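Notes to accompany the following structure.
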Amino acid sequence: MTPRRTRYAPSPTGYLHVGGLRTALYNYLLARQSGGAFVLRIEDTDQTRKVEGAVENLYEIFAWLGLDFDEGPRSGGPVGPYVQSERLAIYNDHLQRLVTTGHAYPCFCSSEALEIMRAEQSARGISPMYDRRCRTLARDAARTRIASGEPHVWRMAVPPGRVIAVDDLIRGTVEIRSDTVDDQVLMKSDGFPTYHLANVVDDHWMEITHVVRGEEWLTSTPKHMLLYEFFGWTPPRYAHLPLLLNPDRSKMSKRSGDVAVEDYRRRGILPEALINHVALLGWHPGDDRELFGVRDLIAEFSLERVGKAGAVFDVTKLFWMNSEYLKEQSDDVLFERIRGELGELIEVNGEARVRYAVASLRGGIQTYADLTERVVQVFAPAPHPDNEMARLLHESAIRDMLGDFIMRMAEIEAAQWSEFAGLEDRFKSVAAEAGKPYGVKGRTLWRGLRAALTGQPHGPELAKLVGMWGRERTLSQLGRALDTARNALSR
RNA sequence: GGCGCCUUCGUCUAGUGGUUAGGACGCUGGCCUCUCACGCCGGUAACACGGGUUCGAAUCCCGUAGGCGCUACCA
């Protein structure tokens with residue numbers, strides 16, 4: 001496979017959109033599977049949208065994701081600089097080339113004038129497009145106005161009557177008539193290039209072989225093709241990815257929930273799960289497997305298996321996938337990950353019992369937070385008893401059985417309370433023995449014990465619960481339950 | 001409005017002329033079980049519509065509808 005050079009080229013807006021993550025991921029996979037290079041380029045040509053610290057955040061979040069760049073602002077590389085605002089001279093040189101060859105021209109139209117023009121066009125029912133009034137300005141006159149300091153932009157001169165074909169790796173050949181292509185601004189009046197110019201120039205000199213980006217760029221690709229032609233360069237291969245959608249099928253955006261990778265990290269999603277989920281939004285392996293690590297993806301990803309239709313970002317499935325990754329983690333890892341939240345619990349109850357709780361309660365969690373919550377709840381003070389459960393305590397058989405049960409539990413030596421597996425067995429046999437004389441067994445027995453121990457209809461397996469609680473709490477709770485049962489009797 | 005892209009279960013998708021249209025999430029029934037959850041087994045639910053082509057169309061062609069994107073001195 002010939003090495004592919006791909007890039008992720010965000011504007012520094014301060015956060016990584018999950019759509020951006022997928023774009024970056026696909027680019028990363030393409031580079032890695034071919035032994036090529038994955039480049040980070042910062043497209044900060046819009047001075048009004050600059051966000052402080054955005055590049056640092058970006059590197060931080062990619063580090064969390066485990067995706068690394070071969071070249072970029074931080075590590076440098078042979079074709080830098082990798083920040084567009086540091087490449088202004090390059091864009092200027094290239095603009096001059098276009099001016100010289102007649103492919104770009106200055107435009108003095110003010111924003112206000114353009115707005116009026118577009119308003120008129122819409123009113124007349126024609127599509128708003130620059131009317132090219134400055135394209136025919138005499139060269140000398142234009143030069144004079146520029147020399148006098150008159151504000152101006154530079155536009156590309158789109159040739160009329162052409163059909164521009166974009167050969168897209170995902171969509172096949174897309175043809176667009178040049179007459180529907182606007183004379184795009186290439187250089188803004190503040191001296192910064194627009195996306196179109198900077199992007200083409202950079203992709204060329206950075207030797208990008210595959211441009212993989214969102215579908216929103218498809219309709220402007222003819223402009224880019226034209227620029228390559230004007231410069232006499234060979235364009236890269238293009239692949240326009242289907243959009244990621246909100247549940248209402250509009251382009252995924254803020255305001256309809258969480259769209260930033262950071263949001264999902266905060267909500268307890270593992271990077272592996274997020275990457276896996278996002279990889280499958282548009283790409284399909286061809287068989288029924290769904291769990292893919294980055295290594296698998298590198299081995300198996302291919303643009304040929306990327307679909308064309310937009311995909312709704314399904315948060316529910318993401319959380320399911322997260323639970324799948326959580327299942328693969330050992331009890332120890334799980335414990336360490338939430339240890340911080342459990343500080344006080346560990347001090348009070350001892351690490352062994354809390355670890356045991358983690359191991360016992362991990363089934364079916366979707367995030368670390370779920371697990372933390374369960375553990376905290378187990379050790380928390382008992383809530384008000386459930387009415388139905390409280391009533392059970394007053395049944396005579398259960399009340400009588402409870403006395404025996406407590407005695408037998410109290411007989412369990414202290415040392416055995418910390419041998420959890422053994423304690424579970426012991427608890428079960430003690431329960432069975434205590435119930436036997438009173439004819440209490442099975443469901444009735446366990447419901448009764450649950451009433452005595454927690455007063456709640458649902459909760460962890462009782463044989464495990466007592467191990468988590470330890471001798472002291474278990475016995476005191478049982479004692480209290482017995483008091484309750486007897487008081488009810490004497491009333 | 002113009003231009004472009006897209007269209008299989010609610011969602012992600014498999015499917016490239018002949019399949020009981022498959023899988024996953026969700027929802028749901030059952031089993032397991034001291035409860036909940038987990039797990040296991042089962043169910044639910046889709047080819048946007050209309051014309052062709054063909055012995056035969058989810059698959060090919062045309063049209064319609066719908067959705068989305070772009071239409072900035074934003075990317």
Side-chain angles (χ1 to χ4, degrees), chain A residues 9-13 43-46 48-49 107 109-111 114-115 118 121-122 124-130 151-155 166 168 170-171 174-177 179-182 184-196 198-199 213-222 240 242-243 245 247-251 277 280-291 305 307-321 323 327 361-365 370 374 389 428 431 441-451 453-454 456-463:
Chain A
S11 50
T13 53
E43 309 217 327
D44 59 344
T45 56
D46 185 353
T48 65
R49 296 213 311 183
C107 169
C109 299
S110 67
S111 304
L114 291 171
E115 235 164 81
R118 279 191 284 262
Q121 288 169 331
S122 314
R124 282 169 37 214
I126 57 176
S127 38
M129 234 172 104
Y130 181 55
H152 61 283
V153 301
W154 294 85
R155 291 181 179 273
V166 179
D168 190 275
I170 292 171
R171 278 149 224 287
V174 176
E175 294 186 336
I176 293 176
R177 283 171 299 131
D179 301 294
T180 67
V181 178
D182 213 346
Q184 182 65 49
V185 171
L186 297 176
M187 188 66 78
K188 297 181 272 189
S189 57
D190 64 359
F192 280 77
T194 58
Y195 172 88
H196 308 279
N199 196 263
R213 65 200 344 179
E215 191 190 345
E216 69 265 31
W217 293 108
L218 184 59
T219 36
S220 45
T221 307
H240 288 93
L243 260 20
L245 273 24
D248 71 357
R249 304 204 75 84
S250 60
K251 183 173 163 184
H277 184 244
L280 257 17
L281 258 25
W283 175 78
H284 191 280
D287 54 36
D288 286 340
R289 288 171 301 155
E290 287 204 297
L291 266 19
R305 293 205 60 87
K308 297 175 184 171
V312 173
F313 187 80
D314 183 358
V315 178
T316 305
K317 189 155 185 177
L318 170 62
F319 275 82
W320 166 78
M321 191 158 276
S323 73
K327 279 179 200 164
L361 301 172
R362 59 175 295 172
I365 54 162
D370 290 347
R374 288 188 195 182
M389 296 302 277
K428 287 175 192 167
K441 58 180 181 179
R443 195 178 156 80
T444 314
L445 168 67
W446 289 100
R447 288 249 297 171
L449 291 177
R450 188 170 288 285
L453 282 163
T454 70
Q456 301 299 315
H458 308 308
E461 214 180 308
L462 294 179

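Please read these numbers as outputs of a predicted model, since none were measured by experiment. Note on naming: letters A, B, ... go to the chains in the order of the sequence lines (proteins, then strands), and numbering restarts at 1 for each one. Keep in mind that the numbers below use all heavy atoms, side chains included, and drop hydrogens, waters and symmetry copies.
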Nearest whole Å is fine: how far is [N] [atom2] from [X] [atom1]?
X         : N      : atom1 : atom2 : result
Glu216(A) : C6(B)  : CD    : P     : 15 Å
Glu215(A) : C68(B) : CD    : P     : 13 Å
Glu175(A) : C5(B)  : CD    : C1'   : 14 Å
Leu291(A) : G23(B) : CG    : C1'   : 14 Å
Leu280(A) : U13(B) : CG    : C1'   : 8 Å
Lys251(A) : A75(B) : NZ    : P     : 13 Å
Arg213(A) : C70(B) : CZ    : P     : 13 Å
Met321(A) : U11(B) : CE    : P     : 18 Å

One character per nucleotide, please: for nucleotides 27-38 of chain B, 5' to 3', B when the base has a protein heavy atom closer than 4.0 Å, S when only the sugar-phosphate does, - otherwise. -------BBSSS
Suppose we screen for side chain to side chain contact (heavy atoms under 4.5 Å, CB included). Which residues come up paired with [X], at least two apart in sequence or across chains?
X         : result
Lys251(A) : Glu216(A), Leu243(A)
Asp46(A)  : Thr48(A), Arg49(A), Lys188(A)
Val315(A) : Tyr264(A), Arg267(A), Phe313(A), Phe319(A)
Asp44(A)  : Pro12(A), Ile42(A), Lys50(A), Val83(A), Gln84(A), Ser85(A)

ring-ring contact (aromatic ring centres under 6.0 Å, His included) partners of [X], counting only residues at least two apart:
X         : value
His284(A) : none
Trp154(A) : His152(A)
Tyr195(A) : Trp217(A), His224(A)

Pairwise [atom1] distance for [N] and [M], with rounding to whole Å:
N      : M      : atom1 : value
A58(B) : G50(B) : P     : 12 Å
G69(B) : G26(B) : P     : 28 Å
U64(B) : C70(B) : P     : 25 Å
C61(B) : A24(B) : C1'   : 34 Å
A48(B) : G10(B) : P     : 11 Å
C60(B) : G23(B) : C1'   : 27 Å
U13(B) : G52(B) : P     : 33 Å
G30(B) : C68(B) : C1'   : 42 Å

Which part of the nucleic acid does Gly282(A) contact within heavy-atom distance under 4.0 Å: base, sugar-phosphate only, or nothing? sugar-phosphate
Hey, does Arg362(A) reach any base, or is it just sugar-phosphate, or nothing, if we go heavy atoms under 4.0 Å? nothing
Pair partner, [N] [Watson-Crick or wobble, under 3.5 Å]:
N      : result
U7(B)  : A65(B)
C47(B) : none
G2(B)  : C70(B)
C38(B) : none
G18(B) : C55(B)

State which residues pass side chain to side chain donor-acceptor pair (under 3.5 Å) with Arg118(A); sequence neighbours excluded, sorted by chain then number. none
Donor-acceptor pair, distance only, cut-off 3.5 Å: does the side chain of [X] make one with the backbone of [Y]?
X         : Y         : answer
Thr194(A) : Val185(A) : yes
Asp182(A) : Met129(A) : no
Asp168(A) : His240(A) : yes
Thr454(A) : Gln456(A) : yes

Quick one: which of A24(B), C3(B), U13(B) gets closest to the side chain of Lys317(A)? A24(B)
Which of the following nucleotides, G4(B), G69(B), C12(B), is nearest to the side chain of Ile176(A)? G4(B)
Look for any protein N or O under 3.5 Å of an N or O in nucleotides 41-49 of chain B and output each such pair with its distance, or none.
none

Would you name the heavy atoms of [X] and [Y] that are closest together and state the gap between them?
X         : Y         : value
Met321(A) : Leu291(A) : CE-CD1, 4.1 Å
Leu280(A) : Pro285(A) : CD1-CD, 4.3 Å
Lys428(A) : Ala463(A) : CE-CB, 4.0 Å

Quick one: do Asp287(A) and Arg289(A) make a salt bridge, cutoff under 4.0 Å? yes
At a cut-off of 3.5 Å, list every protein nitrogen or oxygen paired with a nitrogen or oxygen from nucleotides 7-10 of chain B, distance to 0.1 Å.
none

Can you tell me if the side-chain N/O atoms of Arg305(A) get under 4.0 Å from OP1 or OP2 in G15(B)? yes
Please check the phosphate of G66(B) (OP1 and OP2 only) for any side-chain N or O of Arg249(A) closer than 4.0 Å. no
Identify all pairs in which a protein N or O lies below 3.5 Å from an N or O of nucleotides 71-74 of chain B, and state each distance.
{"residue": "U71(B)", "atom": "O2'", "partner": "Pro128(A)", "partner atom": "O", "Å": "3.3"}
{"residue": "C73(B)", "atom": "O2", "partner": "Ser189(A)", "partner atom": "N", "Å": "2.8"}
{"residue": "C73(B)", "atom": "O2", "partner": "Ser189(A)", "partner atom": "OG", "Å": "2.7"}
{"residue": "C73(B)", "atom": "N3", "partner": "Ser189(A)", "partner atom": "OG", "Å": "2.9"}
{"residue": "C74(B)", "atom": "OP2", "partner": "Lys188(A)", "partner atom": "NZ", "Å": "3.1"}
{"residue": "C74(B)", "atom": "O2'", "partner": "Asp46(A)", "partner atom": "OD2", "Å": "2.8"}
{"residue": "C74(B)", "atom": "O2'", "partner": "Arg49(A)", "partner atom": "NE", "Å": "3.4"}
{"residue": "C74(B)", "atom": "O2", "partner": "Arg49(A)", "partner atom": "NH1", "Å": "3.4"}

